[in-house]
Amino acid sequence: MRSNEFYNKFNKNIEGMNLEQLKDIIMNVIRKIPETKYEEILDIFNKNIDIISEKEIKEKIEEYDKKFKQIDDFELYFHATGYEDYGEYYNPWGGDWVWEYTDDDDIGILIKEANLFAVDLINKKQYKYAKELIDKILYTNYQVLDDDGGDDFEISLHELEENRLVDINVNILCLYAIYATYQCTSESNRAKYIYEYFKSDNFKNISIEDSFKLGTEILLDIDKFWNNWIVFLLTKSGDIEYRLLKEAFEYNNYNNYEKYIDKILENHPKIYIDIFNFLIKGHKINEIIEIGNKVLPKLDKDLIIRNDISLYLAKYDNKNKEKYIIEAFKSQTDIPNLFREFLD
């Protein structure tokens, strides 16, 4: 059972239960948990019991705002000295340039503390404030001063993590950003706001589904979100958008892909190949031929993807194989297609 299916069924089951019924369920679950997990369970409960007022949250975030603004204004920064590293053997063409960093202004400590507070806010279901603080961590321009040359340059959060200048997991922070945004935005705006994160290099290896495992509260309406997310991405072109769209289809096992067939055409025709590969695993060859014949006439003849679709059709529709090979040659007039046309 997928996590979203479990969450939806679980949430439906607990609706309408009173406090005593919920206590009984919790105790039954706890009895099945090994003793090694007791401290972890108690920690979850303690995080939710620890109350902080909204006024205190605002005051603390204002403090972080001031400190992160100092970083943006180049009042706080990292230091570095650089040298050429020739390795074990001398290289007459020069070695690799290596930077050695120092953090005299304790920026790494600031980032770590802000990160911990943001996660704590998420555990307390203060999603709006958590998102605000996480965005501050993610979008601040961290800068380095070259102590020898006097120049300055930017350094990314991932580079700070790689160089052990900050003790946080940047990928987990990105996932918390998605989780908090999901929780504090309306159904109609979720896709738009979450998509904004993927314009940042921090999110280049992030998969949305991993954020579903975070937090103490179940994400509701995940099925609706996936539909909105797919529809939104279909209006955007680009490699990042294609990756996210493919992940969305794969996570949902290409359910209801038929209703997106026409919309895929404009910005993401490569998805047709992914659908074909999925259908091949299910031995649904007739669906491949049906989709291919529907979209092939609508694709610009100069598109390479039209060649790829034609070759799929040629492989699985022997009756019309020659026709599809000719169509492939029209889109990609290379030697392999030429041989196919004359030899098949």
Side-chain angles (χ1 to χ4, degrees), residues 59-123 129-181 196-208 210-211 213-214 238-240 243-244:
E59 288 174 351
K60 200 159 185 178
I61 286 183
E62 283 177 8
E63 290 175 17
Y64 281 121
D65 279 343
K66 291 175 184 175
K67 291 176 181 177
F68 279 103
K69 187 176 185 304
Q70 286 182 289
I71 298 171
D72 260 334
D73 292 342
F74 202 36
E75 295 174 17
L76 302 175
Y77 45 85
F78 297 94
H79 293 260
T81 55
Y83 62 92
E84 275 193 305
D85 181 14
Y86 292 94
E88 190 175 349
Y89 303 100
Y90 176 74
N91 181 356
W93 304 108
D96 296 324
W97 190 260
V98 176
W99 289 106
E100 288 190 349
Y101 298 96
T102 57
D103 182 11
D104 300 342
D105 292 326
D106 292 332
I107 298 171
I109 294 173
L110 170 66
I111 295 170
K112 182 179 180 180
E113 289 176 350
N115 174 67
L116 290 172
F117 184 54
V119 173
D120 189 43
L121 289 174
I122 285 174
N123 290 330
Y129 294 114
K131 171 178 166 54
E132 182 181 340
L133 185 53
I134 291 172
D135 285 354
K136 187 64 64 177
I137 299 170
L138 289 172
Y139 292 121
T140 292
N141 293 314
Y142 302 101
Q143 298 168 89
V144 180
L145 177 66
D146 177 0
D147 289 335
D148 294 326
D151 295 326
D152 58 86
F153 56 92
E154 288 188 12
I155 186 168
S156 71
L157 264 179
H158 279 293
E159 289 172 322
L160 292 177
E161 181 185 3
E162 288 164 8
N163 287 280
R164 299 183 180 179
L165 290 166
V166 61
D167 184 20
I168 67 169
N169 186 315
V170 177
N171 285 342
I172 297 296
L173 178 66
C174 291
L175 292 174
Y176 271 120
I178 294 171
Y179 178 87
T181 301
E196 287 299 312
Y197 284 122
F198 288 92
K199 295 178 180 179
S200 164
D201 285 343
N202 289 324
F203 287 75
K204 65 182 178 182
N205 296 316
I206 298 299
S207 295
I208 280 187
D210 291 333
S211 69
K213 305 166 189 173
L214 302 176
D239 292 338
I240 294 171
R243 173 181 76 84
L244 295 171

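Please read these numbers as outputs of a predicted model, since none were measured by experiment.
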Next on the checklist: Please determine whether the number of non-hydrogen atoms from other residues, nucleotides or ligands lying under 6.0 Å from atom CG of Asp73 exceeds 12.
Outcome noted: yes
Shortest non-hydrogen contact between [X] and [Y], atoms and distance:
{"X": "Ser207", "Y": "Leu175", "result": "O-CD2, 3.6 Å"}
{"X": "Ala177", "Y": "Ile134", "result": "CB-CG2, 3.6 Å"}
{"X": "Asp167", "Y": "Lys112", "result": "OD2-NZ, 3.1 Å"}
{"X": "Gly108", "Y": "Val166", "result": "O-CG2, 3.7 Å"}
{"X": "Ile137", "Y": "Leu157", "result": "O-CD1, 3.6 Å"}
{"X": "Ile206", "Y": "Asn202", "result": "CG1-O, 3.9 Å"}

Item to check | side-chain contact (heavy atoms from CB on, under 4.5 Å) partners for Asp151, two or more places apart | outcome: none
[atom1]-[atom2] distance between [X] and [Y], expressed to the nearest 0.5 angstrom:
{"X": "Asp152", "Y": "Asp146", "atom1": "CG", "atom2": "CG", "result": "9.5 Å"}
{"X": "Glu113", "Y": "Asp120", "atom1": "CD", "atom2": "CG", "result": "13.0 Å"}
{"X": "Lys67", "Y": "Asp72", "atom1": "NZ", "atom2": "CG", "result": "15.5 Å"}
{"X": "Thr102", "Y": "His79", "atom1": "OG1", "atom2": "NE2", "result": "5.5 Å"}
{"X": "Leu121", "Y": "Lys60", "atom1": "CG", "atom2": "NZ", "result": "8.5 Å"}
{"X": "Lys66", "Y": "Glu62", "atom1": "NZ", "atom2": "CD", "result": "6.5 Å"}

Item to check | Whether Asp106 side chain and Ile109 backbone form a donor-acceptor pair below 3.5 Å | outcome: no
Next on the checklist: Could you check whether any side-chain N or O of Gln143 sits under 3.5 Å from a backbone N or O of Ile71, counting only pairs where one atom can act as donor and the other as acceptor?
Outcome noted: yes
Would a 4.5 Å heavy-atom cut-off, applied to side chains only, mark [X] and [Y] as touching?
{"X": "Asn171", "Y": "Asp210", "answer": "no"}
{"X": "Asn141", "Y": "Tyr77", "answer": "no"}
{"X": "Tyr83", "Y": "Glu100", "answer": "yes"}
{"X": "Ile240", "Y": "Leu244", "answer": "yes"}
{"X": "Tyr197", "Y": "Ile208", "answer": "no"}
{"X": "Phe203", "Y": "Ile178", "answer": "yes"}

Checklist entry - What's the verdict on salt bridge (Lys or Arg N to Asp or Glu O under 4.0 Å) for Lys131 and Asp135, showing C-alpha distance, side-chain angles and the deciding distance? => result CA-CA 6 Å; Lys131 171 178 166 54; Asp135 285 354; 3.2 Å; yes
Checklist entry - Should Ile107 and Ile111 be marked as a side chain to side chain contact (heavy atoms under 4.5 Å, CB included) after you check the CA-CA gap, both sets of side-chain angles, and the distance that decides it? => result CA-CA 6 Å; Ile107 298 171; Ile111 295 170; 3.8 Å; yes
Next on the checklist: Which residues pass the salt bridge (charged side-chain N to carboxylate O under 4.0 Å, His left out) test with Asp105, not counting sequence neighbours?
Outcome noted: none
Item to check | Arg243 bridged to Asp239 by N-O distance under 4.0 Å | outcome: no
Item to check | Step-by-step side chain to side chain contact (heavy atoms under 4.5 Å, CB included) determination, Trp99 to Phe78 | outcome: CA-CA 12 Å; Trp99 289 106; Phe78 297 94; over 6 Å; no
Checklist entry - Can a cation-pi geometry be assigned to Lys136 and Tyr64, taking NZ or CZ under 6.0 Å from the six-membered ring centre and within 45° of the ring axis? => result no
Checklist entry - Given the rule in the side chain to side chain contact (heavy atoms under 4.5 Å, CB included) test, do Leu214 and Ile122 qualify, once you have shown the distances and angles that lead to the verdict? => result CA-CA 9 Å; Leu214 302 176; Ile122 285 174; over 6 Å; no
Next on the checklist: Parallel, tilted or perpendicular: which one describes the rings of Tyr179 and Tyr176, with boundaries at 30° and 60°?
Outcome noted: perpendicular
